[in-house]
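The structure appears right after this line, and notes come after that.
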Amino acid sequence: MSPQGQAMALKLDGAAGAAHVATVGRDVRETVGEIRVNDPRVRCTDVNVHYGDKHAIKNISLDVGKGEVLAMIGPSGCGKSTFLRCLNRMNDTVRECRVTGEILLDGEDINSRHIDVVPLRARVAMVFQKPNPFPKSIYENVAFGPRIHGLCESKADLDVVVESSLRKANLWDEVKDRLDDVGTGLSGGQQQRLCIARAIAIEPEVILMDEPCSALDPISTAKVEQLIEELRQQFSIVIVTHSMQQAARVSQRTAYFHMGDLIEVSETDRLFIKPRHQLTEDYITGRFG
Amino acid sequence: MKKAALALAVLSAVATAPVLAQSSRDYISIVGSSTVYPFATVVAEQFGKATKFKTPKIESTGSGGGIKLFCAGVGVQHPDITNASRAIKKSELEQCAANGVKEVVEVKIGYDGLSIAQSKAGKEMQLTRKEVFLALAKQVPNPDGTQTLVDNPYKTWKDVNAALPAIKIEVLGPPPTSGTRDAFVELVMDEGCDSFDFIKAMKKADKKAHKAACQTVREDGGYVEAGENDNLIVQKLEANPAALGIFGFSFLDQNRDKVRGLAIEGVQPEFETISNGSYPVSRPLFFYVKKAHVEVIPGMKEYLAEFISKKAMGDEGYLAERGLIPLPKDEYMSVSKGVTALDAMK
Amino acid sequence: MTNPGKALPEGATSFARIQAGMAKRRAAERRFKMLGRIAVSVGLLFLSVLLISIVSKGYTAFWQTQMRIDVVLTADEIDPDGTRSAETLRKADYSSLIKQSMRDMFPEVSGRRDKFALYGLVSNGAAFDLRDKVMADPSLIGTKVSLWVPADDDVDMLMKGHIDRNAAEDDRRIKDNVLGWINQLEAEDRLELRFNIDFFTKGDSRDPELAGIRGALMGTIFTLIVTLSLSFPLGVAAAVYLEEFAPKNKWTDLIEVNINNLAAVPSIVFGLLGLAVFINVFGLPRSAPLLGGLVLTLMTLPTIIIASRAALKSVPPSIRDAALGIGASPMQATLYHVIPLALPGMLTGTIIGMAQALGETAPLLMIGMVAFIADVPQGVFDPSTALPVQIYLWADSPERAYVERTSAAIMVLLGFLALMNLVAVLLRKRFERRW
Amino acid sequence: MTQTPILLVLLLALTSAAYYFGCKRAFRVADGKIRKLHSLPGYYGLYVALWAALPALLILCAWLLFQGSIITRMVVSSLPDAIQQLGPDRLNLVVNDIRNLVSGNIVSGEPDAIMLAAADYYRGLLSVSRNMLFAIVLIVAGLSGWYGYSKIRAQHRARNGVESIINWLLVACSTVAILTTVGIVLSVLFESIRFFQSVPITEFLFGLEWSPQIALRADQAGSSGAFGAVPLFAGTLLITFIAMTVAVPIGLMSALYLAEYASARVRAIAKPLLEVLAGIPTVVYGFFAALTVAPFIRESGGFLGLDVASESALAAGLVMGMMIIPFVSSLSDDVINAVPQSLREGAYGMGATSSETIRRVIFPAALPGIVGAILLAVSRAIGETMIVVMAAGLASNLTANPLEAVTTVTVQIVTLLVGDQEFDSPKTLAAFALGLVLFVVTLALNFVALYIVRKYREQYD
């Protein structure tokens, strides 16, 4: 579980190793820590989000490396979910929400107005806080993505994709005999894994997880966490969590958000052992939040 | 508290309903035929404006529905007068009597001409009743001359009479539930039918068969039941120049610029021709008064007086202006006398 | 980029495949969106065609041709005895005075037929206008007054261009000599199109130029008041009971099926019910708004109950749980939390139900509200019609001038509806939410 | 009778007072410490108020219900024997006259002494009755209010009492629906039975010919007089089908577009505008169908060389469909909005396009509700009266060709009931039989609808 082993994969970008200096606004705090990595999958620069008059995300720059799990923690309402939703443009579905800044996915700015959000979301899939399987059969839930994206040419192909996705999601053994049952009939943990299976069935590059375990019991949580660890081999994962233990368990890097600011981002061990910012320290030692 | 107030309001609304249901009536209530309706309403309005009484309430329920309501009994909840585009039937009078409505005064108010009309855009035609019968009856005498009845084979007017144009037979007329249809059958079909001697002869031998032969209208599309809304028939004629329509004279009179009346046996439907009887297709209109109500419903006597007054029912009365064909003088006198004396029907 | 999916055909990454399919999907997306747009525009097109045809037919009814006549109020004619009592003044023959004034204007007209036509230029209502004027101010007797009275509907139609002046005489309702008089009156500035106040202040009449919608409007208002004050509380109460408190058993199942069924029962059947139950059994007066309101209440009740239940259903159970969890009784949870949240939905349903009641004609046919009623009703027990019934009646009248009045009455009715819809929109806008 | 509102206002005042004192007393028994009470003080107030109001209201209703007939009876018995002998109907008229006299309305003629005396007597009785009513209602309200008041203790379960009363009121309200149905069944059943005595039910239900032309008068002959209702059912279905083919796609697509694509502005404008279509009176549609749409269809049919009847089913169905659009769209829209946002996000989050999300996720999830909406619209179409009366004609025609004229069940009900025919002939009775059929059909339709909805709901819960 220790992220040490993966340290090599996260060669820190020397230039960005120092504190990133925020460019605008007096109320914007500077980020402490290493916001850049060497070989980023996603690179965000100066991202701002406004909900109407509310400035929800303030000038955040952050990288997501390949094959890493990046955890985002922070008190409720700090903007971590909002930021997450920027990465696959889910904020488009919210009226009145305005996102500015540059978000590069493999070097392509996905926050540009010209980008097509549909293939984008196929590359950056999302799993939500509350398990939200479609009111269809388990099979149909997993097959949904490949079907709409036209990934399979035959029923046989589809069967293979469904099975492999369910296997990857560690769910196959539990549901293989009842693929035609309604997805909503599963237990909470199974539902969430079903949602993850649904996401990986389309072979995304990045998986976004918005507090995926907050509605689950400890055993289900453990299963999902184990799953995350396995998935890291193939996907980049960004996970929002309000459980610091979980962040410590699953992630290689951790970012701490506070009131719309990215306060600190470091290797997970370092952040929890030696926080560099006072606010981070307050939070992880439980002084507020 | 809100709930309680609400409940109180509901309960009070429910409570007051039956109380006032028993309250008194101070206006005349009239029901009945939609044909007489336009005339009765004019009288009622004049009456309401000129006297201190309230304007009578007039419902258009059709003759049958009107008589049903009228005959339901004596009392405030039942109407005082019913209009009818046909004379009351004996069975209906008996029903009345059985319900306690023993004395009924019949008032004949005038005549209504039935006109057959076509769009002004259509080719002008003249018809006889015989031709109309041949075009519209369900069964007609065999065209080969044998004295038998066959299903109506005629498709165009030319088939009926070579002098007529080759237009498809399509006549828009009232449905069988209408008194207008009743009158049409009696005044046109019966007459046209009796122009065939062998059918006329049937009258004596087999009355029923005779009637079936004369009064049954074809149901294969040549005759289109167009509802009781005569305005609609006028509009439809306008839209379809090939069709003919059957409706009351007053509608023809109002829509002279859109439709023209067809001459029947050479006589145009005109005010004068109907009044003097030379136009063959006209029927009498009536209303019936519940004698028991005359003394006790406010304004009844005055209303009757207004209706039979010369300025209403006379030759130049305002009813004539509306298209009612006035009664001949002697008939008018006798009706007027009968109403003043309130002579009940036997 | 990523590992090629084991399950996917070789040589194609899933992203490339997605990209390849995008053009087609984009097209499908555009087609679907276009279909939606087309659907909405077709609906709106229907509406506008309907409205345009009505407005173009009806707007002229808001003006009415008035004629200025000079009447000599000879004392001998009106009040030979000089008593000036109201009864004498009421009974006097004012129409002969008006006829006299018409003869004075056109002394050359002779012959009974022509005179008849001449008198016909002025509306029948003129005599009553004159009577009211004299009765209000008896001192006018003996003087010559000049007053504007409504012209006959034929004159009105001519002035508004519904009768073609250039048509051949045979094809025209107004003959050449009458047309000459009208031209002369116009030249003397005696004919004028004025705003038609009577249309809004008078009851029904058999003379189109005198007919107004006030009676029908009041009838509709009374009917709707009865309907609203019964159906809203009843409907909401029933919905609250069924949705929040009723145990799930055969009886409530029966009620539920019943309500759904009633919503589907044709309105005319409610007319039959009103006839059989309210008139024949309870003895309510025919033609009264109370009766109409009761029938319409029964008719709209299912609509309101169903809408209210849907609104209640859409309130998430967590709200109830939250209230119950802190010790509220089910009644309190419902009263203080669920109902306020569901109220906008309930009100929207009620407004839809009211709109339905407002336009309903068929059941009123059965309970005697299709009637000629000239007096404006004063309460829920007076005989009255309703606006749609008035429209139906006018549409059935032979006089051509009723066509524009029918359309105008429709416009008023639609105005009512627009108002109600506005309220519904505001409600919805204010409270709409997605859970 | 004009005093009833005053009495109600007084009663309201008394009720409010009862509420006030109930609250007060609750405070007092609890020594001002609300915690000691079983329920909130307001409930004690309501409890007393309900005690004060309900019995008094019941008495008021009963009194008003019987007052009229009792007074009338007393007045009648005071009338001279000659009048009393008149028989009930005539007596009723005399009483009406007396009532008119009492309420100061116009009467039939100069009232004579007997009438005046009777009227005076009536007036006297009425005022006595009113005074008594006033006194009794107020006293009862006071007494029962006092009873409720006296029951207040700290541990008295006022809330439960109030809530059970409210519960019973709610139950009563929900049974109105049952009563309505019973009323409908009773009002059509008896006449239908009489009809089926003269026309066999099998002939009515399965006969292929409808031609209710019974002779109007005994001395006339009618047409075939067939009462086979199949052509009517077929006509109704044809028109309904046309209406639904117009309304369902347009209504559903509009709803989906407005809910998922349209900007808030467009939605705020278009949705209520579409709903106006539902509120336009059917009379207006009838004329629109008969005068604008039907001629248009006829002419364009003629242009294409088709023979179109001037009262084609197409015209009526088209306009009816137009009217029904908002029923489908409005109800579907509500259903679509009720689909949880998380499902949308789930689909969007995987890169589904809007149309894919709608077709594959939202639509299936909303389907039961949409089916319900459509079935409601169908029954609306089946029962629609004015449009078909004006645009669909009366000729019964067993055809599936939308260009021909057909007739419907409702049209026949109207025609049979407001015509000039004799009122106890099978013709009028047939209207009730048709009404019964209509009722039964809608009932069956709803059973099916509920079954479908339930089945889907189970699957998607």
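Residue numbering restarts at 1 for every chain, and letters A, B, ... go by the order of the sequence lines.
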Going through the checks in order, is the salt bridge (Lys or Arg N to Asp or Glu O under 4.0 Å) test met by Arg267(D) and Asp333(D)? CA-CA 11 Å; Arg267(D) 184 181 156 83; Asp333(D) 185 78; 3.3 Å; yes

For a salt bridge (Lys or Arg N to Asp or Glu O under 4.0 Å) check, start with the C-alpha distance between Glu260(D) and Arg344(D), then their side-chain angles and the critical distance, and finish with the verdict. CA-CA 10 Å; Glu260(D) 302 295 328; Arg344(D) 286 186 186 82; 2.9 Å; yes

Would you sort out whether Arg193(A) and Gln190(A) count as a side-chain hydrogen bond (donor to acceptor under 3.5 Å, both in side chains), showing the intermediate values? CA-CA 5 Å; Arg193(A) 277 180 285 148; Gln190(A) 288 172 323; over 6 Å; no

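Relative ring orientation between His55(A) and His50(A) is described as parallel, the plane-to-plane angle staying below 30° on a 0-90° scale split at 30° and 60°.
In this structure, chain D has a heavy atom under 4.5 Å from the backbone of Val124(A), while its side chain stays farther away. Contact annotation for Arg89(A): neither backbone nor side-chain heavy atoms come within less than 4.5 Å of a heavy atom of chain D. When heavy atoms are compared at a cutoff of 4.5 Å, Pro131(A) does not approach chain D at all. Using a 4.5 Å cut-off between heavy atoms, Leu120(A) makes no contact with chain D at all.
At a threshold of 4.0 Å, the pair Glu68(A)-Arg232(A) does not count as salt-bridged, since none of the basic side-chain nitrogens sits closer than that to a carboxylate oxygen. For Arg123(A) and Asp106(A), the salt-bridge test passes: some basic side-chain N is under 4.0 Å from an acidic carboxylate O. Salt bridge annotation for Asp180(A)-Lys136(A): absent, with no cationic side-chain nitrogen under 4.0 angstrom from a carboxylate oxygen.
Counting non-hydrogen atoms of neighbouring residues, nucleotides and ligands closer than 6.0 angstrom, the CZ atom of Phe241(D) reaches no more than 12 such neighbours.
Between chain D and the options Met90(A), Lys130(A), Arg147(A), heavy-atom pairs under 4.5 Å are most frequent for Met90(A). In terms of heavy-atom pairs under 4.5 angstrom with chain D, the leader among Val118(A), Val117(A), Asp181(A) is Val118(A). Of the listed residues (Ala347(D), Ser263(D), Ala264(D)), the one with the most heavy-atom contacts under 4.5 Å to chain A is Ala347(D).
Residue pairs that meet the side chain to side chain donor-acceptor pair (under 3.5 Å) test with at least one member in residues 237-258 of chain D, sequence neighbours left out, are Arg37(C)-Tyr257(D).
Heavy-atom proximity under 4.5 angstrom to chain A picks out Ala352(D), Thr353(D), Glu356(D), Arg360(D), Val361(D) from residues 352-363 of chain D.
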